[in-house]
Amino acid sequence: MEPALSSILIVLAHAVAMVVIGLAYLRRVRIERPPIGVYNLRDILGVAVVLVILPPLYLHLPDAAVIAILATAVTATLYFTLTPALGRWWGTGAALTLVTADLVLGLWDRAGHLAAFVILNNLLMVAVAIGVANIWAQSGIKAREVAVLAAGLAVYDMLVTVVTPTMVEFFVRVAALPLAPVVGWGSGAGMVGIGLGDLLLILVWTLVAERTFGTGAGLIAAGACLLVVVAIDMAFWLDLVNLPVPAMVVLGPVIVGHFALLRRRRAQTTEQYFAGQQAAVAPPPPATRPADADLAAALRLVEPDGGSRRYLAIAEGRLIASASTPGETMRAAGVAMETLGIRPGVVPILVLSSAKATGGSGPRGVEAP
Amino acid sequence: MLDTALRQLRYGWANLTGRRVRVQDVRRLVSDILLTRAEFGDGDRTQIEEMLGSAVDPDVQHTTDARRWRATVRRAYEETIYYRTVMDQLGVTPADLTLDRSQELPPTPRSVLRSLPEAFISQRSNPVFQAWTTGTTATPTSCWFSDYELELAAALSALSYLVNSTVGTDDVLDICISSRASLAIQNTMLSCRLIGAACFLTGMVDPAETLSRLATPVHLPGKKPRVSIITIYPSYLGMLVQEAQRLGYRPADFGLERIMCGGEILSDALRRRAGETFGAAVLESYGMTEAFPLGGIVCDEGHLHHATDQGRVEMLDPSTFAPAGPGDVGMLVATPYHPYRQTTLVLRLATGDLVRRLEAEPTCSLARLPATSRLLGKMALSPTGAERPLYQRELLELLEAEPEVSLPCRYAVAPAADGYDLHVLAPNRPALLTRLELRAGDLGLPLRKLELHDDPSTMPPAEFNRALLHETTIVREEGTGAWNLR
């Protein structure tokens, strides 16, 4: 039986809402991060190990243990997500209340699942995805690392969904529990759902693409990932597919491909992104070398065995001072820069040369030796 | 991020328990801070300090101190002839000599260390590097260090530079101290390498030549285009200030941002004049070869704060060796702890450096660290003949504020029963003399007579300063092609 279009649209609406709220959260809310440390590949490896171990582990744990693990993880994530926006007390209260409500509703009607529970659980999972993705994105995770994670999860998802039934059994198991890590709608064979892991990857790639390569890249990342979700759902609706589809198998290559297109672009740091978002004073630009033109001009004035040589100061293509010692030359250059109106911050190049200050093929005002 | 947390835990645990600190952990923490700064900017210094365990609760600090003191005493007794002999003579064992009973061990005079350094060297150490003090106050003293001590000290210095934002990856640092100060030089250079800052040694050559090098652009990729930091002795800084003014340098002729002073007393007057001449912040630190790597830094409010993680600093009455009371002048007595110090072991080293104990607890940004006044002077150079001692700092504040007294100022003090006679090498002009006398009165200096000398041969032998450790360099006058030894 193909799923109802309304179920597909509801699930899709959750994914879209997650992306929109997640982006807004990244732009406006700062999650507290450790003062030392940046997310790196070793962290990704740690996350990957947890993601790989958990589903089969859940299958062998009693319900109470699975619920305890999920409740702890969700509460902690909600705490870190909500407190920066609501404050410590309200954030803590909201996290505890929401998780408790989900637990009560889920345990009260484990067979049928009340609509209220499904709505609440969906909202919680969207919030968890927003929180985790923002923690990662705001902790400096690199686009390359997200791409590596996506590639690894694509292979893993294929193995545990298509080759073995682990993931299907896992979702069947947790679907009957509160705090199920899935956003879904409908029931029975007509149910449409998307796993928390898939949502997380969609959002984390969107956020990291935006943070690293700009708004355009972020929007394209979001669009491409959501398109994958739409395509998979439509395949179900059109009855082209009747088996569970590992979304990461498609999402992974999309993310890796998008990263391959972006990787040569100039990447901005998290600090630069936040500064841009807050329209704050941008961090000072990194120290720069003088224009190659100036260096090339200075090089033309160098000769290995010149006669009487002097230090020449060159700035913006002009000889601005010369003297017999570097210090004297720089003092004269300082005065000359004011007189000539050379912009502040320019530091002349100093070259030892026998060139004459009469004009010629060197910098303006200098004849090359 | 997880491996950073693991390293912090290991480092914190080693700090807390007094166990061996892994140099690699500290080096990687330096890299972690650099990566974090590159991604997120400078961040919150207090948070970083808390994370590295630099800001600990006083009770925890006392427990940690007690543990480290015990470990250091035990090693000193078991591994050095000097402390085994002293403690056997006193009839105390390392177990008896707890932190609370540390006063039972008399302070170690520097003269003993100077006379027989081998008596202080651990039998289990692997000495690879000998450092000498500069000897401006007495015969130079030698101290041996192991590779581990040097590497760890450099890594910790790098960490401190980063946390305090003193040196960054894009800085260009010029070392303008004596080329024979090998310990300080190699420590600074290795720290800069860990941070990724550019670093070079100029030494203490002709001040005109040093100024010329400071003004010369360096145009290196990823670095500031001119020297941004110098490390320097205050007396040599005075020389540079005077020469820069004589040659007509302006602050904009340099790219200096920070001047890091140490090794001598830095007066407020010189700090102000150097700041005006170079347009840079003048920072002050305290350290000595014999107590290395123990040291201190001066905060914005003018307190000298002593690092507590690498050793213990006491402030004792210079004559009775009882703890100095609030407002009293005391001598700094230093014990660098194991594992930061493993080769030349010293317990309660009487540094001879005088400070005043603060009357109230500091409230500055470094209030978590124990503090004293800045150095008043060295005991050996603070005459005590009159009703009260006359400290070097007082004289430097008087003389270095006066533009007509050439820097570094040369002076000699002759104590008498009713005051001190101060002889200063300066133009013998009545107006200058009057100004100095008036200021000396304002400062409350117990001077009986103040005499100006045009000619150094007419005055008593002047006090030493490190600017006298002048080094020569060959300079070619490019205009004339003449070579000069300056």
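Sequence lines set the chain letters: A, B, ... in the order given, protein chains first and strands last, and positions in each chain run from 1. These numbers come from a predicted model, not from an experiment.
Applying the 6.0 Å contact sphere to CZ of B/Arg486 captures more than 12 heavy atoms from other residues, nucleotides or ligands. Atom CZ of B/Arg250 has more than 12 heavy atoms from other residues, nucleotides or ligands within 6.0 Å. For B/Leu485, the CG atom counts as densely surrounded, since its 6.0 Å shell holds more than 12 non-hydrogen atoms of other residues, nucleotides or ligands. Counting non-hydrogen atoms of other residues, nucleotides and ligands closer than 6.0 Å to CZ of B/Arg193 gives a total of 12 or fewer. Remark: B/Arg10 CZ is packed, more than 12 non-hydrogen atoms of other residues, nucleotides or ligands lying under 6.0 Å away.
Across all non-hydrogen atoms, the minimal contact from B/His219 to A/Pro348 is NE2-O, 2.8 Å. Of all heavy-atom pairs between B/Thr216 and A/Pro326, the closest is OG1-CB, 3.2 Å. Residues A/Val347 and B/Pro225 share a closest heavy-atom pair of CG2-CG, 3.5 Å. Contact between B/Pro217 and A/Leu350 at its shortest, heavy atoms only, is CD-CD2, 3.9 Å.
In this structure, A/Thr325 and B/Val475 have side chains that are not in contact, with every pair of non-hydrogen atoms separated by 4.5 Å or more. Taking the side chain as every heavy atom from C-beta outward, B/Asp253 and A/Met330 never approach each other to under 4.5 Å.
Of the atoms belonging to B/Ala208, not a single heavy atom falls under 4.5 Å from chain A. Contact of B/Arg213 with chain A is not made at all, since no heavy-atom distance falls under 4.5 Å. When heavy atoms are compared at a cutoff of 4.5 Å, A/Thr329 does not approach chain B at all. For A/Arg42, the part lying near chain B is the side chain, with the backbone staying farther off; criterion is any non-hydrogen pair under 4.5 Å.
In this structure a side-chain-to-backbone donor-acceptor pair under 3.5 Å is present from B/Ser212 to A/Gly327.
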Take B/Glu39 and A/Arg33, measure what salt bridge (charged side-chain N to carboxylate O under 4.0 Å, His left out) needs, and give me the verdict at the end. CA-CA 12 Å; B/Glu39 187 64 35; A/Arg33 58 169 181 80; over 6 Å; no
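To the nearest 0.5 Å, atoms OG1 (A/Thr269) and CZ (B/Arg37) are separated by 14.0 Å. If you take CD on A/Glu328 and OH on B/Tyr249, they are separated by 8.0 Å, rounding to the nearest 0.5 Å. Taking OG1 from B/Thr4 and CG from A/Asp43, the interatomic distance works out to 7.5 Å, rounded to the nearest 0.5 Å.
For the options A/Ala333, A/Ala313, A/Gly37, heavy-atom pairs under 4.5 Å to chain B are most numerous at A/Gly37. Put simply, of B/Leu247, B/Val218, B/Leu35, B/Thr169, the one with the most heavy-atom pairs under 4.5 Å next to chain A is B/Leu247.
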